[in-house]
Amino acid sequence: MSIFFQAMTVWFNPAHSIEQILRKIAAETDGFDSTFEPGVRPADPKFGDYQGNGVLGFAKKRGVNPRELAQRLINAALASEKFDPALVELSLAGPGFINFKLSPLFLWEWQLAYSTKADYRTGARALKDGRRIVIDYPSANTAKQAHIGHLRPMVIGQAIARLLDFCGAELIRDNHIGDWGTNFGTLIMKIKRDAVDLSTLEDHALVILNEVYKAGSAEEAAQPELRDISRNELVKLQNGDSENTVIWEQIVEISKAAFDKLFAQLGVEVDVTLGESFYRDKVDRVYKELVDIGLAEESDGALVVWHDEVKKFARDSERPYPFNIRKRDGASNYASTDLATILYRLETFKAEEVIYLTDARQQDHFQQLFLTTEKWFKAKGYSLPELRHVFWGTILGSDKRPFKTKSGESVKLQALLDEARSRAYAVVTEKNPDLPEAKRREIAEAVGIGAVKYADLSSNRTQDYVFSWERLLSFEGNTAPYLLYAVARINSIFRKVDLSPDAPIAGASLPETDSELALARKLMGFVTALELTLNDLRPHFLCTYLYELTSAYSTFYNSDKVMVDDAAVRARRLILCARTRTVLMTGLELLGIQPLETM
RNA sequence: GAGGGUGUAGCUCAGUUGGAUAGAGCAUCGGUUUUCUAAACCGACGGUCCUGGGUUCGAAUCCCAGCGCCCUUGCCA
């Protein structure tokens with residue numbers, strides 16, 4: 001690095017640093033003031049690495065020539081000596097853009113300064129520095145076999161949790177299971193009617209429970225008088241009846257055991273499991289406080305909260321739509337327990353932020369929940385955590401209808417995972433018939449499960465997406481196999497040269513070829529990708545980045561041979577391989593996908 | 001009726017929140033291997049960004065009015 005510019009170190013996050021420096025310089029430059037926002041963002045590589053657009057809007061408001069103003073800022077920036085010309089080049093372009101082009105020296109210094117996962121982690125920690133966040137996931141329901149609808153909360157929730165953790169949040173993963181709902185009345189009714197002995201069911205217990213519930217519901221539909229019995233069983237349970245409590249405990253245990261099996265396969269981690277039942281003695285305080293502050297009132301025998309300022313929820317709207325927090329029969333519902341849960345998370349976990357993960361259909365519920373909480377906490381003087389609802393669309397089949405089996409049943413999650421494994425195994429066997437079977441099984445596990453996860457993460461979560469085995473297991477395009485394959489090829493190179501990918505590599509020259517430079521640039525983009533992903537909690541930003549990085553690597557791999565005779569060239573290419581491997585592996589792990597040594 | 005999501009290449013999807021000539025993958029056509037894993041790479045073809053107005057230096061992106069599809073809309077979660 002130039003000795004004349006000792007103030008300038010290689011910025012971990014260049015867009016941020018350039019933005020900050022420019023803001024400071026502008027404040028001391030004629031024609032600007034402290035309201036000036038430089039607007040620095042990544043640029044199309046043909047223009048540079050970053051561009052600043054802020055001058056355009058600023059100049060327009062003041063009726064001055066944007067090009068002249070931008071030039072003045074460039075001059076001031078150069079005079080400040082904050083921009084070492086050996087590292088970054090500034091230029092004026094178009095109607096008043098400022099382009100920043102990083103030199104090969106900068107790109108290289110960056111690779112040398114930030115080389116390990118720990119380095120990235122250290123840099124990323126600033127993003128959520130110590131913030132106490134409760135993430136509500138995957139919040140499975142009980143007494144029901146998991147189906148494809150349970151995939152997204154597990155996969156998306158896991159990715160977001162890992163990301164928050166990586167970026168420095170103090171995270172509590174709270175599995176808020178649905179273990180206290182109306183369905184237990186029906187279940188207990190049917191279990192008693194048929195004298196089902198839950199303790200003898202063993203492995204297939206959940207399947208039986210699933211069928212018991214279905215049969216029970218069907219009978220209720222046919223014989224409405226059974227509903228009263230079910231309702232009574234629920235009331236008895238809620239009042240602590242010992243016989244019903246034993247049955248309830250068995251059901252919950254069976255459900256948890258089944259979900260634990262899926263969690264293990266999908267890598268879902270949970271810190272606490274506090275289901276709805278945990279809050280059964282905490283809802284009375286909610287009713288009391290909401291009534292005391294005049295927020296909740298009786299309506300048709302139920303206790304409800306009206307939000308008249310929102311058209312849809314107002315009491316005088318065409319279809320009244322209150323937030324029902326206690327049912328007419330006095331039983332709690334998920335609004336009651338959700339409210340009690342927020343209070344608990346504030347008082348016990350000291351949550352500064354609570355993130356809920358559910359599908360898009362529950363948006364009304366969360367809007368009402370958040371509105372109610374805001375008013376309630378304000379009236380009581382409780383501090384209000386930031387409340388976020390992270391939602392997603394439906395998984396569709398090729399007919400654009402929700403993904404179903406050929407017979408029209410919902411696809412069981414276990415069956416989906418098994419099919420992913422067997423399809424991946426078939427492909428591995430076709431491509432690498434000589435590998436031992438155990439090895440092929442191991443690869444199929446990572447590729448199959450990884451592919452299903454990646455398909456779920458790589459498109460914008462708020463939209464529905466079309467599920468296609470052929471596409472998600474393809475090695476072309478934005479897929480897990482494509483990314484995993486790149487990692488495997490890098491590993492192969494290091495085996496060939498007999499070096500550890502994590503070992504320091506000395507004697508490298510600066511990158512020169514187009515594909516080396518493009519790859520080095522892309523590697524720096526990891527920070528921006530993390531930031532973007534975190535802001536909106538949309539994992540597909542990270543996926544898109546990893547795909548682009550892999551694509552840049554593949555181009556490099558095909559055009560620039562690593563194992564060449566020139567030691568300096570070979571060293572720099574090995575460094576690029578090592579960095580690509582680190583970023584890809586770090587990114588894949590954040591997404592919950594296990595990288596492979598070989599494929 | 002109200003609210004939310006959505007509409008971009010034949011198909012599946014991106015598009016860093018208003019920036020420069022709208023991008024990928026698949027499909028189609030053509031090319032690359034005595035070279036580190038060809039499960040790869042390179043190139044060509046392909047666009048009324050649903051329609052019509054508006055805002056401005058600049059719009060796929062923002063505002064208004066329509067149209068299409070999906071979802072939600074009182075005691076399931």
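Keep in mind that this is a model prediction, so the values were computed, not measured. Chain A is the first sequence line, chain B the second, and so forth, proteins listed ahead of strands; every chain is numbered from 1. Reckoned from all heavy atoms, side chains included, excluding hydrogens, waters and symmetry mates.
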Value in whole Å for how far the [atom2] atom of [N] lies from [atom1] of [X]:
X: A:Glu597; N: B:rC36; atom1: CD; atom2: C1'; value: 14 Å
X: A:Arg471; N: B:rG10; atom1: CZ; atom2: P; value: 17 Å
X: A:Lys61; N: B:rU56; atom1: NZ; atom2: P; value: 14 Å
X: A:Gln363; N: B:rA2; atom1: CD; atom2: C1'; value: 15 Å
X: A:Asn99; N: B:rA20; atom1: CG; atom2: C1'; value: 9 Å
X: A:Asn491; N: B:rA40; atom1: CG; atom2: P; value: 18 Å
X: A:His389; N: B:rA77; atom1: NE2; atom2: P; value: 16 Å

Quick one: label [X] by what it contacts on the DNA or RNA (base, sugar-phosphate, nothing), any heavy atom closer than 4.0 Å.
X: A:Leu56; value: base
X: A:Val466; value: sugar-phosphate
X: A:Asn432; value: base
X: A:His365; value: nothing
X: A:Pro42; value: base
X: A:Thr462; value: sugar-phosphate
X: A:Gln362; value: base
X: A:Thr598; value: base

Mind checking whether A:Phe184 and A:Trp248 have parallel, tilted or perpendicular rings, split at 30° and 60°? perpendicular
If the plane angle is over 60° it's perpendicular, under 30° parallel, otherwise tilted; pick one for A:Phe323 and A:His307. tilted
So which of A:Val155, A:Asn175, A:Leu357, A:Ile156 actually passes side chain to side chain contact (heavy atoms under 4.5 Å, CB included) with A:Pro138? A:Asn175
Taking only the side-chain heavy atoms of [X] (C-beta and beyond), determine which of [options] contains the nearest atom.
X: A:Glu318; options: B:rA39, B:rA38, B:rG1; answer: B:rG1
X: A:Ala488; options: B:rC41, B:rU37, B:rC70; answer: B:rU37
X: A:Phe475; options: B:rC13, B:rA39, B:rC41; answer: B:rA39
X: A:Phe541; options: B:rG15, B:rU6, B:rG19; answer: B:rG15
X: A:Lys60; options: B:rG58, B:rA77, B:rU37; answer: B:rG58
X: A:Tyr465; options: B:rA40, B:rC13, B:rC57; answer: B:rC13

Please determine if a side-chain N or O atom of [X] lies less than 4.0 Å away from the OP1 or OP2 oxygen of [N].
X: A:Thr555; N: B:rC42; value: yes
X: A:Tyr553; N: B:rC41; value: no
X: A:Arg570; N: B:rC36; value: no

Heavy-atom count check: over 12 atoms from other residues, nucleotides or ligands less than 6.0 Å from A:Glu470 CD? no
Side-chain-base donor-acceptor pair under 3.5 Å for A:Asn53 and B:rA20: no
Tell me if the side-chain of A:Gln51 makes a donor-acceptor pair with the base of B:rA20, cut-off 3.5 Å, by modelled atom types. yes
Tell me which nucleotide, if any, is Watson-Crick or G-U wobble paired with [N] when both distances must be under 3.5 Å.
N: B:rU34; result: none
N: B:rU21; result: none
N: B:rA60; result: none
N: B:rG1; result: B:rU73
N: B:rC29; result: B:rG43
N: B:rU16; result: none

Is the glycosidic angle of B:rU17 within 90° of 0, making it syn, or outside that range, making it anti? syn
Please check if any side-chain donor atom of A:Ser554 sits under 3.5 Å from a side-chain acceptor atom of A:Tyr482, or the reverse. yes
No-hydrogen, no-angle side-chain donor-acceptor test under 3.5 Å, A:Ser277 and A:Asp179: yes
Basic-acidic side-chain contact under 4.0 Å: A:Arg328, A:Asp300: no
Pair A:His365 and A:Tyr334, ring centroids less than 6.0 Å apart: yes
Is the terminal nitrogen or CZ of A:Arg319 (NZ for Lys, CZ for Arg) located under 6.0 angstrom from the six-membered ring centre of A:Tyr321 and within 45° of that ring's axis? no
List the atom pairs, with distances to 0.1 Å, where a side-chain N or O of residues 444-456 of chain A and a protein N or O form a donor-acceptor pair under 3.5 Å, not counting sequence neighbours.
from, atom 1, to, atom 2, distance (Å)
A:Glu445, OE1, A:Arg421, NE, 2.6
A:Glu445, OE2, A:Arg421, NH2, 3.3
A:Lys453, NZ, A:Leu266, O, 2.7
A:Lys453, NZ, A:Gly592, O, 2.6
A:Tyr454, OH, A:Asn478, OD1, 2.5
A:Tyr454, OH, A:Cys543, O, 3.1
A:Asp456, OD1, A:Arg152, NE, 3.0
A:Asp456, OD1, A:Tyr465, OH, 2.5
A:Asp456, OD2, A:Arg152, NE, 3.2

Protein-nucleotides 72-76 of chain B N/O pairs under 3.5 Å:
from, atom 1, to, atom 2, distance (Å)
B:rU72, O2', A:Asp364, OD2, 2.8
B:rU72, O2, A:Lys312, NZ, 3.1
B:rG74, O6, A:Ser299, OG, 3.3
B:rG74, N1, A:Ser299, OG, 2.9
B:rC75, O4', A:Asn324, ND2, 3.4
B:rC75, N1, A:Asn324, ND2, 3.1
B:rC75, O2, A:Asn324, ND2, 3.0
B:rC75, O2, A:Arg328, N, 2.9
B:rC75, N4, A:Arg328, NH2, 3.0
B:rC76, OP2, A:Lys327, NZ, 3.2

Toward the 5' end of RNA chain B, by each residue's nearest nucleotide, A:Val447 or A:His540: A:His540
